[in-house]
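All values below come from the heavy atoms of this structure, side chains included, with hydrogens, waters and symmetry mates left out.
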Amino acid sequence: MVYALAAILPALCLISCDGPREAEDSARRITDSRLWAEEQAAAAARMQPRQTVASVVLPDDLPSPELFETTRQIYAELEKNAGDTALQPYTESIPAIGGTLRMVPVPAGEFMMGSPDTEPRRETSEGPRRKVALPAYWISEIEIPWELYTAFMQNGRPRAKDGKLLEERPDDELWDLVAQPTAPYAAMNLGMGNGYENGMPAIAMSHYAASKFCEWLSAQTGHYYRLPTEAEWEYACRAGSDAAYCYGDGEEKLEEYGWFWNNSNDRYQKVAAKKPNAWGIYDMHGNVAEWVLDTYRDDAYAGETGKTLQSPLVLEPGKPGHVVRGGSWEDDPDRLRSAARRRSRAEWNMQDPQNPKSLWYLTNGGMIGFRIVRPMALPDILTVHRLWNASKGLY
């Protein structure tokens, strides 16, 4: 109706006005009125409730049920792209910062997870070796760098300690509704380098913060992202190798592929500065150790050794301690092995003066970062929600 009136009124004005200046002034007023009406209509549309998917019965053990409505809204967007399954490398656009992230395809296949008894400096928790089968997925080519993570970490909005917005606005985007970190009380580069340098891996985030980053990214892109499982991480690290490292056995070539104590100058280094593995993935050995989804268990590989495990994941709700993989800039070479696994520690947040400790930051975690995966198949909504929220308050 606005557009119909805007089309008619100029003609009436040109007939009745005394001169060209009056006609121009009238036309300007009509244009201003039309723009005002368009702005009002857009604001009214933003105020309408966001579309939700069908009702779901929430199980009693679902983590953070108060955040499920946000999951529901994001999931409706993920379903629109669920058929986008061509296994090709692609570059994901991130609207919140105008940035991008390169995703690398990982083919479906089987591999032997863990290390053999004969591997030097292996730990008992790396065995017994198990045959694992995985479907295809994508993994980020690099560890998540500061230029992506700071847009999530320094989101510029007043938030409660649990990351929820204190006040919503009509122009909020869907990703604004995702629980996000409160402002850090100290610079989280922990004194390494010149602030949050582009190209440096983001560090010192909790497992929960890394998981919520995945949700935040999913809300922007319409693609489902999460942390890798321990099996997905090791399979991508090996890239077809059955040896201690992606290139083979022995430490002689390790400096070509990773940053560790011998060559890191006692700090993290720029991502993708070393050689990638055979599948084009950088920094799987060293630089920063990486969060994976799994709850840590010493006996995670126990069971029928002759049985092939299908997409294994150890998830024990409420139990602290998650698996960290890959080794870091402060580690010796043995911790960079493809099969090496490490348990997270409460001490990684020892210097946090808050009580309770922050949900978001590791004040002693300058060696911890992460990368993300995108599975080809979109799981059910309850699984999506659980994997974004299961580690809240747990180290």
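- The shortest side-chain heavy-atom distance between Y185 and T363 falls under the 4.5 Å cut-off.
- Annotation: side chain of K274 is not in contact with side chain of Y282 (no heavy-atom distance under 4.5 Å).
- Counting only residues at least two apart or in different chains, side-chain hydrogen bond (donor to acceptor under 3.5 Å, both in side chains) contacts with residues 189-205 are absent.
- Between N364 and R345 there is no side-chain heavy-atom pair separated by less than 4.5 Å.
- A side-chain donor from one of R374 and Y90 sits under 3.5 Å from a side-chain acceptor of the other.
- A salt bridge does not link E123 with R343: none of the charged nitrogens is closer than 4.0 Å to a carboxylate oxygen.
- Connection of W388 to L315 is established within a shared hydrophobic cluster, with ILVMFWY side chains joined at heavy-atom distances below 4.5 Å, either directly or through further cluster members.
- Residue L362 is grouped with residue Y268 when hydrophobic side chains (ILVMFWY) are merged at heavy-atom distances under 4.5 angstrom, including chains of intermediate members.
- By the 4.0 Å N-to-carboxylate-O rule, R297 lies close enough to E316 to be salt-bridged with it.
- Counting only residues at least two apart or in different chains, ring pair (Phe, Tyr, Trp, His ring centres under 6.0 Å) contacts with residues 316-348 comprise H207-H322.
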Original post:
After noting the C-alpha distance and the side-chain angles of E230 and R130, does the key distance pass the salt bridge (Lys or Arg N to Asp or Glu O under 4.0 Å) rule?
Top reply: CA-CA 13 Å; E230 190 172 11; R130 301 297 304 273; over 6 Å; no
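- You'll find the side chain of D298 stays beyond 4.5 Å of the side chain of T124, heavy atoms only.
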Subject >> Derivation of the side chain to side chain donor-acceptor pair (under 3.5 Å) call for Q73 and E69 >> reply: CA-CA 6 Å; Q73 294 175 29; E69 179 54 33; 3.1 Å; yes
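- Hydrophobic clustering (side-chain heavy atoms under 4.5 Å, transitive across Ile, Leu, Val, Met, Phe, Trp, Tyr) groups V288 together with V324.
- Counting non-hydrogen atoms of neighbouring residues, nucleotides and ligands closer than 6.0 angstrom, the CD atom of E304 reaches no more than 12 such neighbours.
- Here L190 contributes atom CG and R267 contributes atom CZ; the two are 12.0 Å apart, rounded to the nearest 0.5 Å.
- Residues N81 and Y224 have side chains not in contact (no heavy-atom distance under 4.5 Å, counting atoms from C-beta outward).
- The hydrophobic cluster containing L394, built from Ile/Leu/Val/Met/Phe/Trp/Tyr side-chain heavy atoms closer than 4.5 Å, comprises no other residue.
- Tracing side-chain contacts under 4.5 Å through hydrophobic residues (I, L, V, M, F, W, Y), one reaches M188 starting from M367; they form part of the same cluster.
- A salt bridge between R325 and E234 is present, with a side-chain N of the basic residue lying under 4.0 Å from a carboxylate O of the acidic one.
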Subject >> ring-ring contact (aromatic ring centres under 6.0 Å, His included) between W291 and Y208, intermediate numbers included >> reply: CA-CA 10 Å; W291 286 119; Y208 180 64; over 10 Å; no
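- Grouping the Ile, Leu, Val, Met, Phe, Trp and Tyr side chains by contacts below 4.5 angstrom, directly or via other members, places W146 with F152.
- Counted by atom type alone, K212 and N389 present one or more donor-acceptor pairs between their side chains at under 3.5 Å.
- Residue I139 belongs to a hydrophobic cluster whose other members are V104, V106, F111, M113, V132, L134, Y137, W233, Y235, W279, I281, M284, V292, Y296, Y301, L309, V323, V373, with links defined by side-chain heavy atoms closer than 4.5 Å.
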Original post:
What's the verdict on salt bridge (Lys or Arg N to Asp or Glu O under 4.0 Å) for E119 and R129, showing C-alpha distance, side-chain angles and the deciding distance?
Top reply: CA-CA 12 Å; E119 188 165 296; R129 299 191 82 190; over 6 Å; no
**OP:** May I have the step-by-step check of side chain to side chain donor-acceptor pair (under 3.5 Å) for S115 and E126, ending in yes or no?
**Re:** CA-CA 6 Å; S115 61; E126 299 169 21; 2.6 Å; yes
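- In summary, the aromatic rings of W360 and F213 are positioned with their centroids too far apart to meet the 6.0 Å limit.
- In terms of the side chain to side chain donor-acceptor pair (under 3.5 Å) criterion, residue partners of R157 (sequence neighbours excluded) are, by chain and number, D172.
- Applying the side-chain hydrogen bond (donor to acceptor under 3.5 Å, both in side chains) rule to pairs touching residues 246-266 yields E256-K275, sequence neighbours excluded.
- Put simply, the side chain of S211 does not reach to within 4.5 Å of the side chain of L387, judged on heavy atoms.
- For the pair Y395/N349, no side-chain contact is recorded, criterion being any heavy-atom separation below 4.5 Å from C-beta on.
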